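As structure tokens, the structure follows; a few thoughts come after it.
Numbers restart at 1 for each chain; the letters A, B, ... are given by sequence-line order, proteins then strands. This structure is a prediction, so every number in the text was calculated from the model and none was measured.
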Amino acid sequence: MDITHILDGLNDAQRDAVSGTEKAALILAGAGSGKTRVLVHRVAWLIQVENVSPYAILAVTFTNKAAGEMRERVQQMQQSPVGGMWIGTFHGIAHRLLRMHAQQLGLPDAFQVLDSDDQFRMIKRLLKSMNVDDSRWPPRQVQWYINAQKDEGRRAKHIAPSSDHFEQKMQDIYAEYERGCIRSGLVDFAELLLRAHELLRDNDEIRQHYQQRFKHVLVDEFQDTNTIQYAWLRLLTEESENLYVVGDDDQSIYGWRGAKIENIHRFQKDYPAHKLVKLEQNYRSTSTILKAANALIVNNDGRMGKELWTDGEEGEPISLYSGFNDQDEARFVVDRIRDWASKGHARAEAAILYRSNAQSRLFEEYLMAAGVPYRVYGGQRFFERLEIKNALAYLQLATHHENDAAFERIVNTPTRGLGTRTLDIIRGSARAEQISLWQAAVQLCQGDELTGRASNALSGFLNLIKQISSEMAAGNLHEQVEQAIVRSGLIEFHKKEKGEKGEARVENLEELVNAARQFSYQANEDDSLSELDAFLANAALEAGEAQGDESEDCVQLMTLHSAKGLEFPLVFMTGVEEGLFPSQRSVDDVAKLEEERRLAYVGITRAMQQLYITYAESRRLHGQENYPMPSRFIREIPSELMQEVRLGTKVSRPVVNAHAATSGLQKKAEGGFKMGQRVSHGKFGEGVVLNHEGSGAQARVQVNFAAVGSKWLMLAYAKLDKL
DNA sequence: TAATCAGCTTTTTTT
DNA sequence: AAGCTGATTA
């Protein structure tokens, strides 16, 4: 067997990782160290060298993009087809398992996937019907609570009753939510994972079947796994112990979403015979950039320990720019990008990274003004658009009458005279009798509880859905979709909307028909769905691209989070200020602060050739002027790696003391109350000056008092003593 | 039912 | 600042 093509072109560590014979393996893959390459070559190694059948391999990723890329590259390396191999996202694979074993799980065959928007709406309705005070239990928070429980593998019935009223109410809502989902045949994202776990845990035969089938399980981005995902992997591999995980503890940035970086440590305990390989050679960035990244990340505790290096060039120093304000920062960045493009580089090689989405606006304004094309990542996805979700709801309700989420969404869209009163009656009746909204509506139409007008409107709606339903028996997928859209009246509804919005929505609906035409799905031996159900599931599990036109040469704008996994020759890491990055909510919690630092690490390591770090001395945030300090992360980068770019001149000088010289703390308010000044007030006690505005008799300062919180005080009246 | 207004909140995001 | 919600009004 000629194995040279599998190992050729790999460095020693990569070869070690690809060809390991130990059962389990933990590959700590630093940024830009060829992680995907190792995974793909490992699969090839298993199949071609160890003669493992593709049928016995399961490869799991987090995003559809990563799964698609991996499938493509595996197929490229493989001379023979790899049809039997499972490659997919955690959620995609869980969905597949649930479909195949719906009966054992007590799920309806045609259960529907609830995306987070559906889930949110469902929770809102639930709170209303339970008469819960949604200012004490805001739907967002309830949603967060439920998902967090599920991510930890906890069912409502498993949670011990609480003496705390707030907590207990959360539990009650969770229990009620579960009942509602079951009644309507709905499964949310977290539920997919939870059910997949329970399936293996509670069914010996099924567990053994998959344990025997998947002799090799490979996981990408392992540091992002949550509790339930890890438990599932554990069940699947407890026999074979062949769990091959690739990840980077330094790039764990999803802790706030339930990812457990501790899983890496648990892995080391649970798979004692594992092989550990560190991939530290970086093929992406200059050594200057890597030195900066290394110096920053050593400030975190409890790391697995890794140091990136390259045999490439030292490259340019990192440029540090201190904007006079946020607009100046944006202007500077856009100027640099025009420079870059004028030297013949592609605009698409430049990326502007920021901590929060709100920051994109200014950059967009300045890019637009300068006529530089750009693309913002992370907007709304195609299948998440309102008009698309409405159209899909028609399809869902037509095929699955019990789907309450779909019923609620379209019962009065387009408006057909079914107001709050009628709907409350339907909801009340459904709730009282524990039946679906559809069934309740059918009963009410026959009874005499409704006024004639409401009854007419409602039966009109029911008949419309039935009609769409019967028409859908025939025709292929795109005809079914088109038929439903036309019948629903959604096109006319959106055409009536004023402005370009309605037009765009009509276009999107037409695009949906197109998407259906292009959708291809073959039911295979262990996985059969109607084409329509497959299309609907796909819409929920893969929401599509945020923006369509990738063709043009565009500057790339995105949050630091969405930049993970990408690389750009020219990177601007912007808004690097205390309170913004690290965000205000992270500064007094070590764990959160370390996650912010990892985010900065991710940002720095996106850059291939040139990295700019920018911050503003003054920034408008939530409509208020702020004077932030430069981020502590700047201080953690050795100054010899940076040069400060000065405004207006081409001369740049080394960074000497960027922090003291440019700190917002230096700005003085009226009366000498600068920010950060500790003061004492006769009534409120001691505090710290946070902000100031106005001058003369109008001068005010904002003081955060230890005892009473923050207050705005007029300097002319308040007696403040400096401490 | 639609339109308008005051009040409130404000990271990060995939599935 | 901006977007969303709830309430009020036409």
Side-chain angles (χ1 to χ4, degrees), chain A residues 60-67 88-95 113-120 124 128 134-135 138-141 143-144 147 150-151 187-194 196 220-221 224-226 228-229 252-259 326 353-362 365 377-381 383-384 412-422 453 457 496-498 537-546 558-565 575 579-587 592 595-596 598-600 602-603 619-626:
Chain A
V60 199
T61 65
F62 275 87
T63 65
N64 290 299
K65 195 172 152 214
T89 62
F90 276 101
H91 293 85
I93 284 165
H95 184 242
V113 179
L114 214 56
D115 73 14
S116 33
D117 178 56
D118 298 330
Q119 184 188 37
F120 181 73
K124 263 177 83 169
K128 206 163 264 170
D134 62 1
S135 61
R140 278 267 163 251
Q141 214 178 321
Q143 181 180 31
W144 193 86
N147 289 335
K150 291 189 178 191
D151 285 347
V187 172
D188 62 46
F189 289 139
E191 183 78 14
L192 286 169
L193 302 175
L194 187 50
D220 190 18
E221 304 277 17
D224 288 338
T225 50
N226 63 27
I228 197 75
Q229 285 161 337
S252 161
I253 54 174
Y254 287 108
W256 51 276
R257 213 170 70 188
D326 43 0
L353 309 183
Y354 36 79
R355 177 68 239 271
S356 74
N357 282 308
Q359 288 167 257
S360 77
R361 213 197 76 232
L362 261 189
E365 275 174 23
Y377 282 75
Q380 218 190 11
R381 315 290 215 67
F383 285 108
E384 287 169 355
N412 198 33
T413 308
T415 47
R416 49 175 69 85
L418 288 164
T420 340
R421 272 172 309 115
T422 318
R453 189 139 53 108
K496 268 188 286 185
E497 272 181 305
K498 46 181 182 257
N538 182 262
L541 288 170
E542 194 163 353
E545 277 295 312
M558 68 191 80
T559 63
L560 286 147
H561 280 88
S562 35
K564 191 170 88 156
L580 189 60
F581 188 24
S583 95
Q584 196 55 53
R585 297 179 174 206
S586 305
V587 288
K592 286 184 184 161
E595 184 154 309
E596 297 276 323
R598 292 194 289 269
L599 195 53
V602 166
R619 176 179 301 275
R620 239 185 139 69
L621 212 59
H622 313 317
Q624 254 211 345
E625 212 66 39
N626 290 76

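- With sequence neighbours excluded, the residues satisfying side chain to side chain contact (heavy atoms under 4.5 Å, CB included) with A:Pro414 are A:Tyr394, A:Arg416, A:Leu490, A:Phe493.
- Summarising the geometry, the separation between CZ on A:Phe383 and P on B:dT14 is reported as 16 Å, rounded to the nearest angstrom.
- Residue A:Arg416 has no polar side-chain atom (N or O) positioned under 4.0 Å from OP1 or OP2 of B:dT1.
- Without hydrogens or angle criteria, A:Arg598 side chain to A:Ser252 main chain gives a donor-acceptor distance under 3.5 Å.
- Not one side-chain nitrogen or oxygen of A:Asn64 sits closer than 4.0 Å to the OP1 or OP2 atom of B:dT14.
- Ring orientation note: the planes of A:Tyr254 and A:His561 are tilted relative to one another, at an angle of 30° to 60°.
- One distance of note links CG of A:Asp326 with CZ of A:Arg361; it measures 9.0 Å at 0.5 Å rounding.
- Following rounding to the nearest Å, A:Asp220 (CG) and B:dT15 (P) show an atom-to-atom distance of 13 Å.
- Taking CD1 from A:Ile228 and CG from A:Leu193, the interatomic distance works out to 7.5 Å, rounded to the nearest 0.5 Å.
- A:Phe90 comes within 4.0 angstrom of nothing in the nucleic acid, heavy atoms only.
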Mark up nucleotides 3-10 of chain C, 5' to 3', with B wherever a protein heavy atom is under 4.0 angstrom from a base atom, S wherever such an atom reaches only the sugar-phosphate, and - elsewhere.
--SS----
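- If A:Ile253 and A:Glu384 are placed on DNA chain B by their nearest nucleotide, the residue sitting closer to the 5' end is A:Ile253.
- Scored by the side chain to side chain contact (heavy atoms under 4.5 Å, CB included) test, A:Ser562 finds A:Met558, A:Thr559 as partners (sequence neighbours excluded).
- Phosphate contact (OP1/OP2 of B:dT1, side-chain N/O of A:Asn412, threshold under 4.0 Å): present.
- Here B:dT14 presents its P atom at 18 Å from CG of A:Asp188, a figure rounded to the nearest Å.
- For A:Arg361, the side-chain atoms get nearest to C:dA2 when compared with the rest of B:dT15, B:dT13, C:dA2.
- Residues that satisfy the side chain to side chain contact (heavy atoms under 4.5 Å, CB included) test with A:Asp151, not counting sequence neighbours, are A:Ala190, A:Asn226.
- Counting any heavy atom pair closer than 4.0 Å across all strands shown, A:Asn226 reaches no nucleic acid atom.
- Listed nucleotides: B:dT13, C:dA1, B:dT15. Nearest to the side chain of A:Arg257: B:dT13.
- Separation of atoms OG1 (A:Thr422) and CG (A:Asn412) is listed at 8.5 Å; rounding is to 0.5 Å.
- Rounded to a whole Å, the CD atom of A:Glu221 is 14 Å from the C1' atom of B:dT15.
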Under 3.5 Å between N/O atoms: give me all the protein pairs with nucleotides 7-11 of chain B, atom names plus distance.
| unit_1 | atom_1 | unit_2 | atom_2 | d |
| --- | --- | --- | --- | --- |
| B:dT11 | O2 | A:Arg355 | NH1 | 2.6 |
| B:dT11 | O2 | A:Arg355 | NH2 | 2.5 |

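- Residue-level contact check: A:Asp224 touches neither bases nor backbone, having no heavy atom under 4.0 Å from any strand.
- Counting any heavy atom pair closer than 4.0 Å across all strands shown, A:Ile93 reaches no nucleic acid atom.
- Salt bridge A:Lys564/A:Asp224: present, at least one basic N to carboxylate O contact under 4.0 Å.
- Among residues two or more places apart in sequence or in another chain, the side chain to side chain contact (heavy atoms under 4.5 Å, CB included) test is passed with A:Gln143 by A:Ser116, A:Gln119, A:Phe120, A:Ile123, A:Arg140, A:Asn147.
- When the P atom of C:dA2 is taken as reference, atom CD of A:Gln624 falls 15 Å away, rounded to whole Å.
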